[in-house]
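Proteins get letters first, then strands, A, B, ... in listed order; numbering begins at 1 in each.
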2 protein chains.
Amino acid sequence: MKLTELKAIKLAELFSALSDASRIRLISLLMDGELSVRALADGLGMTESAVSHQLRGLRQMHLVRARKSGRQVFYSIDDDHVSRLFTLGLDHVQHG
Amino acid sequence: MKLTELKAIKLAELFSALSDASRIRLISLLMDGELSVRALADGLGMTESAVSHQLRGLRQMHLVRARKSGRQVFYSIDDDHVSRLFTLGLDHVQHG
DNA sequence: GTAATATATGAATAATTGCTCATATATTCA
DNA sequence: TGAATATATGAGCAATTATTCATATATTAC
């Protein structure tokens with residue numbers, strides 16, 4: 001099942017999006033439902049700027065989606081694959 | 001479901017192990033069964049050194065396991081979590 | 001209109017990482 | 001024992017990346 005270089009790159013990019021502790025913690029917060037940038041920043045003790053930079057990458061990989069309401073932007077997990085990847089990975093870390 | 005920093009780091013490390021196209025391609029070859037370092041290197045057009053370096057990281061994260069036979073070392077997918085992560089990710093890349 | 005708030009973004013810097021090259025270890029065969 | 005083969009590893013370099021700081025855009029309130 002040898003992947004083409006292109007598909008390998010795409011898949012690696014997906015996992016790269018999950019390969020940083022800050023982004024993992026952002027996603028862990030979003031597992032419970034949507035949150036604003038400020039709520040995420042407060043929840044993790046990060047600056048809004050750092051959070052916003054990271055959310056951008058997650059958005060581009062379709063791991064989270066943004067919903068704008070007034071001057072706030074609420075982020076949530078984009079689709080079911082994401083939460084499944086997350087919990088499957090967590091599973092491996094905790095038991096495996 | 002806010003993760004502790006430690007668990008977030010562990011989970012990020014797991015995904016980091018999958019965050020490179022060369023490693024993804026190594027794993028894609030191993031999805032069909034065990035292979036020697038040379039077979040992997042030949043299969044991907046990489047040097048044995050580069051492959052060996054990458055396999056080390058995969059081994060440390062328990063994504064692959066090594067079986068020594070004579071002077072060869074055969075690598076295979078370590079456990080089921082790994083193949084599930086791989087195919088789930090591939091799924092997300094191909095459809096999602 | 002101006003001020004204040006929420007988020008986004010560009011540039012710069014520090015840290016991480018994947019590869020190459022050279023060398024080391026381990027195993028088989030003569 | 002010595003040569004050949006298979007794999008592993010350390011150092012060094014080039015490329016990537018996460019954060020900070022400063023600034024920009026967008027929305028609401030006055």
Is any side-chain heavy atom of [X] less than 4.5 Å from a side-chain heavy atom of [Y]?
{"X": "Leu63(A)", "Y": "Ile77(A)", "value": "no"}
{"X": "Phe15(A)", "Y": "Ile24(B)", "value": "yes"}
{"X": "Leu40(B)", "Y": "Leu30(B)", "value": "yes"}
{"X": "Met46(B)", "Y": "Ser22(B)", "value": "yes"}

Using whole Å, report how far [atom1] of [X] lies from [atom2] of [N].
{"X": "Leu58(A)", "N": "dA8(C)", "atom1": "CG", "atom2": "C1'", "value": "15 Å"}
{"X": "Gln72(B)", "N": "dA8(D)", "atom1": "CD", "atom2": "P", "value": "11 Å"}
{"X": "Ile9(A)", "N": "dT16(D)", "atom1": "CD1", "atom2": "P", "value": "12 Å"}
{"X": "Arg67(B)", "N": "dA8(D)", "atom1": "CZ", "atom2": "P", "value": "13 Å"}
{"X": "Arg23(A)", "N": "dT19(D)", "atom1": "CZ", "atom2": "C1'", "value": "12 Å"}
{"X": "Leu55(A)", "N": "dA6(C)", "atom1": "CG", "atom2": "P", "value": "16 Å"}
{"X": "Arg38(A)", "N": "dT5(C)", "atom1": "CZ", "atom2": "P", "value": "11 Å"}
{"X": "Leu18(B)", "N": "dG18(C)", "atom1": "CG", "atom2": "P", "value": "12 Å"}

[X] vs [N]: side-chain N/O to OP1/OP2 distance below 4.0 Å:
{"X": "Arg71(B)", "N": "dA4(D)", "result": "no"}
{"X": "Lys68(A)", "N": "dA6(C)", "result": "no"}
{"X": "Arg56(A)", "N": "dT7(C)", "result": "no"}
{"X": "Ser49(B)", "N": "dT7(D)", "result": "no"}
{"X": "Tyr75(A)", "N": "dA6(C)", "result": "no"}

Exercise for the section: Over 60° means perpendicular and under 30° means parallel, so classify the ring planes of His81(B) and His92(A), tilted if in between. Expected result: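 Geometry flag for His81(B) against His92(A): perpendicular rings.
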
Quick check: any donor-acceptor pair below 3.5 Å linking the side-chain of [X] to the base of [N]?
{"X": "Ser52(B)", "N": "dT9(D)", "result": "no"}
{"X": "Ser36(B)", "N": "dT7(D)", "result": "no"}
{"X": "Thr47(B)", "N": "dC19(C)", "result": "no"}

Problem - Angle of first-five versus last-five pair axes in the helix from dG1(C)-dC30(D) to dA30(C)-dT1(D), to 10 degrees - result: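 For the helix from dG1(C)-dC30(D) to dA30(C)-dT1(D), the axes at either end differ by 20°.
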
Handout entry: side chain to side chain contact (heavy atoms under 4.5 Å, CB included) against Ser28(B), all qualifying residues, sequence neighbours excluded
Key =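 Testing Ser28(B) for side chain to side chain contact (heavy atoms under 4.5 Å, CB included), a comparison that skips the adjacent residues, returns Leu3(A), Arg25(B), Phe86(B).
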
Practice task
Over all heavy atoms of both residues, which pair between Leu55(B) and Val64(B) is shortest? Give the atoms and the distance, please.
Solution key: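 Shortest heavy-atom separation between Leu55(B) and Val64(B) comes out as O-CG2, 4.2 Å.
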
Exercise for the section: Please tell me which of Gln54(A) and Ala66(B) maps to the more 5' nucleotide of DNA chain D, matching each residue to the nucleotide holding its nearest heavy atom. Expected result: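 Of the two residues, Ala66(B) wins.
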
Practice task
Tell me yes or no: between the side chains of Tyr75(A) and Arg59(A), is some donor less than 3.5 Å from an acceptor?
Solution key: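 Arg59(A) and Tyr75(A) do have a side-chain donor-acceptor pair below 3.5 Å.
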
Practice task
Answer with base, sugar-phosphate or nothing: what part of the nucleic acid does Glu48(A) contact at a heavy-atom distance below 4.0 Å?
Solution key: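 Contact class for Glu48(A): base.
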
Practice task
Report which part of the nucleic acid Phe74(A) touches: base, sugar-phosphate, or nothing (heavy-atom distance under 4.0 Å, all strands).
Solution key: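 The residue Phe74(A) makes no contact with any strand.
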
Problem - Stacked pair His53(A)-dT19(D), distance under 5.5 Å, angle under 30° - result: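 It does not: the ring fails the test against the base of dT19(D).
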
